[in-house]
Amino acid sequence: VRISIRGFGSRSAFGIRGIRIFQDGIPLTSPDGTSQLDELSIFDIQEIDIVRSGLSARLGNASGGAISMKSTGYKNGITFNTRVNTFGSFDAGLKYGSAKGNVENILSINHHTFHSKREYAGSQNNTIYNKTRFIVRNRWQLDFINSIYYSPEGKDPGALTAAEFMTNKYQANTRNILFKSGESVGGLLTAVKSIYSSSEKATWITALFYRKRVFEGLLPFDAGGWVNLNRDFVGFNNVYEYRRNKNNIITLGQSAEYQDDRRSLFRNQNSNQGSKTADQNESVTNLALYQQWQLNLSKFSFHQLIRYDYNLYRLTDRYLTDGNQDGQKNYNSLNGALGIAYHLSNKTMIYSNISTSFEMPALNELTNNPANTPGFNVLLNPEKSIQTELGVKISPSENVEFSTSAYLISLKDQIQGYELPATPGRTYYRNATSGSRFGLELSFRSKLTSWSQISINYTYADYRYTSFKVSNIDFSGNRQPLIPAHKLNVSVSTHFDNWINMSFFYGYNHKMFLDDANLTHSDS
């Protein structure tokens with residue numbers, strides 16, 4: 001099951017959809033809304049922030065939620081990290097940090113290997129991550145970030161039928177072995193980020209970055225089952241923040257991003273590359289303007305956002321044997337958000353917000369055309385939603401925190417994946433007319449003693465299709481697949497004299513439906 005936040009991201013056949021991912025303030029999410037984590041090492045994540053509300057009014061397309069990661073802070077010396085677990089994963093890493101005058105640098109080199117208990121399942125990944133900070137002067141800071149990664153192997157064992165699973169849950173799908181389903185990928189990042197405070201009240205934050213990604217994948221079917229993808233992704237973001245006083249902050253921002261994918265498809269003839277079936281350039285251009293206002297008055301806090309996005313999808317066909325499939329699609333969107341909070345006391349706060357959100361189809365989803373021809377699937381439209389939320393946060397002491405929130409999301413043209421019998425293992429996409437998501441989230445954290453703490457999280461999710469018909473089949477009223485109705489996580493951690501740490505985790509997932517018809521479900 002993929003990373004999902006309030007249902008956004010759950011439809012993804014691979015990678016991450018519908019959620020914005022950042023590392024050190026630089027987006028990992030490309031303009032078409034897809035994110036990959038091949039370039040990350042677990043040892044380069046020191047801190048992680050998760051935002052659950054719709055963020056299109058701030059971050060644009062595919063912002064059902066956001067995950068922001070920060071890498072290791074600057075420090076002198078050499079650190080060696082290693083990790084192994086009983087699932088077959090091994091990680092090793094080396095960090096070297098130095099500081100001299102106004103210059104700080106940290107270099108991280110990491111290796112990851114995974115060999116599953118399942119047949120034909122394993123991967124390797126190697127990453128180098130370097131960031132350098134220059135303090136130009138008292139109010140001006142420059143960060144230079146460079147990374148390179150290479151994953152030579154990523155074997156995919158595929159899915160099993162219920163009967164196959166009961167016979168041997170560790171076996172691989174026979175088609176995946178026959179076609180040698182898997183991938184290899186490599187790429188790089190170079191970025192510069194500037195933080196400049198022209199005064200005590202005003203700050204400019206500017207980021208310029210370039211990402212390169214070269215991908216080769218083998219899928220478990222013949223026609224178009226051998227994929228070569230060469231991606232260039234460049235972006236420029238500029239934010240101006242004005243603090244009239246500590247209780248009144250206005251933010252203005254501008255974003256420009258461009259993604260160009262050269263995608264070539266070949267026949268996968270039992271793991272041998274066959275004749276070419278498609279060759280095309282797919283590009284996305286995003287231009288955006290946004291504004292944000294935060295105001296605190298006595299016991300009230302207000303929050304307002306608005307953003308306009310211009311998006312241009314373009315396809316240039318370079319394989320003309322079956323005719324010219326050139327085309328383009330324009331998606332423009334205006335989104336906003338309003339929030340209010342009231343502090344009943346310095347220990348209790350109640351809050352509410354409403355926001356609009358949109359998610360464009362990813363390039364992969366547009367080009368997986370059920371008509372089995374090159375070119376965009378012209379029947380696939382962007383997904384739009386309105387989200388409302390009501391919550392309470394209580395902190396009776398520094399050691400105890402409790403929060404609960406209820407939310408309702410109304411969706412239009414919800415994008416859902418499906419398969420066709422003629423091409424098993426390949427996911428196509430269509431729009432459900434409308435849907436709704438009601439959820440309840442509970443969170444409790446407590447520091448039991450000076451050496452132990454506990455964290456409990458529970459989520460209830462009732463996600464349904466309001467109106468959804470395909471041919472003569474009516475899915476209206478059915479639950480959205482791949483989302484458990486109940487989810488519980490408990491974590492208890494202890495430490496003794498800073499030399500040994502122990503953690504206990506318990507997780508429960510309720511059964512979830514695996515199809516739109518709600519005829520098949522997984523066990524809890």
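Just so it is clear, the structure is predicted and the values come from calculations on it, not from any experiment.
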Handout entry: Worked verdict on N102 versus V136 for side-chain contact (heavy atoms from CB on, under 4.5 Å)
Key = CA-CA 7 Å; N102 294 331; V136 182; over 6 Å; no
Indicate yes or no: does [X] engage [Y] in a salt bridge with an N to O separation below 4.0 Å.
{"X": "R213", "Y": "E39", "value": "no"}
{"X": "R17", "Y": "E383", "value": "no"}
{"X": "K193", "Y": "D24", "value": "no"}

Please give me the minimum heavy-atom distance between [X] and [Y], naming the atom from each residue.
{"X": "T86", "Y": "K117", "answer": "O-CE, 3.8 Å"}
{"X": "A341", "Y": "M349", "answer": "CB-SD, 3.9 Å"}
{"X": "N237", "Y": "A256", "answer": "OD1-N, 4.3 Å"}
{"X": "P220", "Y": "S181", "answer": "CD-OG, 3.8 Å"}
{"X": "A66", "Y": "I5", "answer": "N-CD1, 4.1 Å"}
{"X": "H343", "Y": "S301", "answer": "NE2-OG, 3.5 Å"}

Indicate yes or no: at least one non-hydrogen side-chain atom of [X] is less than 4.5 angstrom from one of [Y].
{"X": "S255", "Y": "D309", "answer": "no"}
{"X": "Y170", "Y": "S116", "answer": "no"}
{"X": "Y313", "Y": "L363", "answer": "yes"}
{"X": "E183", "Y": "S123", "answer": "no"}
{"X": "W293", "Y": "N248", "answer": "yes"}
{"X": "Y290", "Y": "N335", "answer": "no"}
{"X": "L28", "Y": "L40", "answer": "yes"}
{"X": "R211", "Y": "I26", "answer": "yes"}

Short side-chain to backbone donor-acceptor contact, [X] and [Y], under 3.5 Å:
{"X": "Y242", "Y": "L252", "result": "no"}
{"X": "N286", "Y": "P31", "result": "no"}
{"X": "Q387", "Y": "S357", "result": "no"}
{"X": "Y407", "Y": "R6", "result": "no"}
{"X": "S151", "Y": "S184", "result": "no"}
{"X": "R20", "Y": "N61", "result": "yes"}
{"X": "S455", "Y": "R445", "result": "no"}
{"X": "T348", "Y": "S345", "result": "no"}
{"X": "N110", "Y": "S41", "result": "no"}
{"X": "K95", "Y": "T72", "result": "no"}

Problem - Stepwise side-chain contact (heavy atoms from CB on, under 4.5 Å) test for N168 and E119 - result: CA-CA 10 Å; N168 176 12; E119 180 186 10; 5.9 Å; no
Could you measure the distance from the [atom1] atom of [X] to the [atom2] atom of [Y]? Nearest 0.5 Å is fine.
{"X": "S147", "Y": "L107", "atom1": "OG", "atom2": "CG", "answer": "11.5 Å"}
{"X": "K347", "Y": "I394", "atom1": "NZ", "atom2": "CD1", "answer": "11.5 Å"}
{"X": "S35", "Y": "I19", "atom1": "OG", "atom2": "CD1", "answer": "8.0 Å"}
{"X": "N457", "Y": "E441", "atom1": "CG", "atom2": "CD", "answer": "9.0 Å"}
{"X": "T356", "Y": "R307", "atom1": "OG1", "atom2": "CZ", "answer": "12.0 Å"}
{"X": "K447", "Y": "S452", "atom1": "NZ", "atom2": "OG", "answer": "9.0 Å"}

Does a donor on one side chain sit under 3.5 Å from an acceptor on the other, for [X] and [Y]?
{"X": "N245", "Y": "K201", "result": "no"}
{"X": "Q124", "Y": "N126", "result": "no"}
{"X": "T113", "Y": "H111", "result": "yes"}
{"X": "S56", "Y": "S63", "result": "no"}
{"X": "D260", "Y": "S283", "result": "no"}

Atom [atom1] of residue position [X] - does it have more than 12 heavy atoms of other residues, nucleotides or ligands inside 6.0 Å?
{"X": "K393", "atom1": "NZ", "result": "no"}
{"X": "N138", "atom1": "CG", "result": "no"}
{"X": "F87", "atom1": "CZ", "result": "no"}
{"X": "Y96", "atom1": "OH", "result": "no"}

Exercise for the section: Starting from the C-alpha separation in whole Å, work towards a yes-or-no answer on side-chain contact (heavy atoms from CB on, under 4.5 Å) for F114 and N125. Expected result: CA-CA 9 Å; F114 174 69; N125 198 29; over 6 Å; no
Practice task
Test salt bridge (charged side-chain N to carboxylate O under 4.0 Å, His left out) on R231 and E282 and set out the steps.
Solution key: CA-CA 9 Å; R231 171 173 295 174; E282 307 156 5; over 6 Å; no
Practice task
Mind running salt bridge (charged side-chain N to carboxylate O under 4.0 Å, His left out) on D232 and R262 for me, showing each step along the way?
Solution key: CA-CA 9 Å; D232 295 289; R262 178 71 181 267; over 6 Å; no
Under 30°, 30 to 60°, or over 60°: which ring-plane class applies to [X] and [Y], parallel, tilted or perpendicular?
{"X": "F233", "Y": "F209", "value": "perpendicular"}
{"X": "Y196", "Y": "W140", "value": "perpendicular"}
{"X": "W204", "Y": "Y240", "value": "tilted"}

Exercise for the section: Using the side-chain hydrogen bond (donor to acceptor under 3.5 Å, both in side chains) rule, collect all pairs that involve residues 74-83, keeping only residues at least two apart or in two chains. Expected result: R83-D91
Practice task
Sequence neighbours left out, what passes side-chain contact (heavy atoms from CB on, under 4.5 Å) with T251? Give chain and number order.
Solution key: V239, E241, I249, Q292
Practice task
Determine, using ring centers only, whether Y129 and Y149 are less than 6.0 Å apart.
Solution key: no
Problem - CA sep, side-chain torsions, deciding dist, call: I148, Y150, side-chain contact (heavy atoms from CB on, under 4.5 Å) - result: CA-CA 7 Å; I148 188 170; Y150 177 55; over 6 Å; no
